[in-house]
Amino acid sequence: DSGEATIELAESLGALVITTNAGKGVVPESHPLSLGSCLSAPAGRDAVAAADVVLALGTELSETDTWVEHMPIPGQLIRVDIDARKLNDLYPASVGILADAALTAEVLAGVTDRADRDQSITQAKQRRDQILAKITAQRTPLEQIHDRVLAALREVLPAETILATDMTQLAYSSYIGFSMERPRAWFHPCGFGTLGYALPTAIGAKLARPEVPVVAIAGDAGFLFTVQELATAVEEELPLIVILWNNDALGEIRDGMVARQIAPIGVLPKNPDYQMLCKAFGCHTVKASGLEDFKAQVSAALAHKGPSVIELHQDSVT
């Protein structure tokens, strides 16, 4: 609920805004002062480290947001939280404010308007463009593949779509690669890292907001944790879409093992035939042959009256 107040405060200061993963969309990522949810990128963390002052509104600055054990914040750190224990934990505050984030942002915006507001916003926009360019340059070849898939998905989905994501590499790339313009529309199991999260969350979101398109992104391994909930979606005749990202692996764990020179163990399971499996539940099920076919299948699924599963294999994306 703090988005509008945060935007007003950022504009009054000429300050850039970074959201945590859980807060993705609170500030529209198209806003010229928004860096989106970029703390998983080195350039995003560098932007925080270079700041003279960091205002942390209602965030515990957890490892699941920063993707590192500890993010350097050499500047002054002002923390605002309703939990007093968060004001001086792993990131001790220079100034700690025990208060509601939205109310605090609103009050601060009313007393910090700069005389050179327009000039400071222009300078901040330039910094934003430079930082986003560095983030783009740092994307790995695999993340670039993911970005092409996410761009195709963003192209065909209505702006109001709710996205529920699982613990899969495509979802990790969506922190940066999938723009979100509104709060409460992007859900990801930050923290506990719950495999199988996407489908049940998508079902709940569709029941709560039947008028809004709902899409789940699940990896092949995580999907099997809750695949049986397709039966619920079919029984309830829920028109939601499951994007099944198939790389025939628990990819993030496998890559972590390889990086540490550990032979991959238990991370390359033999997959079932997902087409047959999902059709057995009564779902509309297709396998996209590439990005253009993928976009066409997603567009068609938006008009389908029940649940749809669209399988896309990593090797089919060029």
Side-chain angles (χ1 to χ4, degrees), residues 142 145-171 173-174 177-178 186-187 195-207 209-251 269-318:
L142 180 58
I145 291 174
H146 296 158
D147 287 345
R148 290 195 286 274
V149 175
L150 295 166
L153 193 59
R154 181 75 280 178
E155 181 180 334
V156 296
L157 290 180
E160 68 272 18
T161 300
I162 291 174
L163 193 67
T165 60
D166 218 301
M167 297 299 289
T168 179
Q169 289 176 317
L170 181 61
S173 292
S174 74
F178 190 87
W186 190 85
F187 298 94
L195 285 158
Y197 170 90
L199 178 56
T201 301
I203 290 172
K206 191 62 182 179
L207 289 170
R209 298 289 304 278
E211 77 285 1
V212 176
V214 175
V215 173
I217 292 179
D220 50 304
F223 184 56
L224 292 177
F225 279 68
T226 51
V227 65
Q228 69 277 6
E229 295 305 329
L230 286 177
T232 302
V234 170
E235 289 171 6
E236 297 295 328
E237 298 181 338
L238 299 177
L240 56 83
I241 301 172
V242 178
I243 307 300
L244 177 55
W245 177 249
N246 190 347
N247 60 6
D248 293 309
L250 287 151
K270 182 173 177 56
N271 274 330
D273 185 324
Y274 287 107
Q275 296 296 297
M276 293 181 66
L277 176 61
C278 298
K279 287 177 181 177
F281 282 103
C283 288
H284 169 66
T285 309
V286 293
K287 186 173 184 177
S289 59
L291 281 185
E292 290 304 316
D293 186 38
F294 174 67
K295 290 192 291 185
Q297 297 293 353
V298 173
S299 296
L302 286 168
H304 189 67
K305 293 184 179 180
S308 300
V309 177
I310 302 172
E311 182 181 359
L312 182 63
H313 199 283
Q314 179 175 300
D315 291 345
S316 71
V317 180
T318 57

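- Every residue was checked against the salt bridge (charged side-chain N to carboxylate O under 4.0 Å, His left out) condition with Glu237, not counting sequence neighbours, and none meets it.
- Lys287 pairs by the salt bridge (charged side-chain N to carboxylate O under 4.0 Å, His left out) definition with nothing, not counting sequence neighbours.
- In plain terms, the two heavy atoms of Pro269 and Leu250 that are nearest each other are CD-N, 4.5 Å.
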Legend entry - Evaluation steps, side chain to side chain contact (heavy atoms under 4.5 Å, CB included), between Phe294 and Ser316: CA-CA 10 Å; Phe294 174 67; Ser316 71; over 6 Å; no
Inset, instruction - Apply side chain to side chain contact (heavy atoms under 4.5 Å, CB included) to the pair Phe223 and Val242, showing each step before the final yes or no. - result: CA-CA 10 Å; Phe223 184 56; Val242 178; 4.0 Å; yes
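- When Thr285, Asn246, Val227 are each tested for a side chain to side chain contact (heavy atoms under 4.5 Å, CB included) with Tyr274, only one passes: Asn246.
- Between Leu312 and Gly290 the shortest heavy-atom distance is CD1-O, 4.4 Å.
- Two residues are said to be in side-chain contact when any heavy atoms from C-beta on lie closer than 4.5 Å; Ser174 and Ile217 fail this criterion.
- Nearest heavy atom pair, residue Ala249 against residue Asp220, reads N-OD2, 3.2 Å.
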Atom pairs and distances, side-chain donor-acceptor, residues 296-306, under 3.5 Å, sequence neighbours left out:
from	atom 1	to	atom 2	distance (Å)
Gln297	NE2	Asp293	OD1	3.3
Ser299	OG	Lys295	O	3.0

N/O donor to acceptor pairs below 3.5 angstrom from side-chain atoms of residues 195-206, sequence neighbours left out:
from	atom 1	to	atom 2	distance (Å)
Thr201	OG1	Tyr197	O	2.8
Lys206	NZ	Pro210	O	3.1
Lys206	NZ	Val212	O	2.8

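- Here OG of Ser173 is found 6.0 Å from CG of Leu142. Values are rounded to the nearest 0.5 Å.
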Legend entry - Test log, rule side chain to side chain contact (heavy atoms under 4.5 Å, CB included), inputs Gln314 and Leu170: CA-CA 10 Å; Gln314 179 175 300; Leu170 181 61; over 6 Å; no
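- The salt bridge (charged side-chain N to carboxylate O under 4.0 Å, His left out) search around Glu236 returns none, not counting sequence neighbours.
- Under the salt bridge (charged side-chain N to carboxylate O under 4.0 Å, His left out) criterion, Asp147 pairs with Arg139, sequence neighbours left out.
- Shown here for Trp186 and Ala171, the closest heavy-atom pair between the two residues is CZ2-O, 4.5 Å.
- A perpendicular orientation is assigned to the rings of Trp245 and His146, their planes being inclined by more than 60° (bins at 30° and 60°).
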Inset, instruction - Would you please test Asp248 and His313 for side chain to side chain donor-acceptor pair (under 3.5 Å) and show each step? - result: CA-CA 8 Å; Asp248 293 309; His313 199 283; 2.6 Å; yes
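- Atoms NZ and CG, on Lys279 and Leu277 in that order, are 11.5 Å from each other to the nearest 0.5 Å.
- Listed here is the closest heavy atom pair of Asp166 and Ala218: CB-CA, 3.8 Å.
- Arg209 places no side-chain N or O within donor-acceptor distance of the main-chain N or O of Pro213, the cut-off being under 3.5 Å.
- The nearest pair of heavy atoms linking Asp273 to Gln275 is OD1-N, 3.0 Å.
- With values rounded to the nearest 0.5 angstrom, Leu157 atom CG is found 12.0 Å from Ile162 atom CD1.
- A distance of 8.5 Å separates CG in Leu230 from CD in Gln228, rounded to the nearest 0.5 Å.
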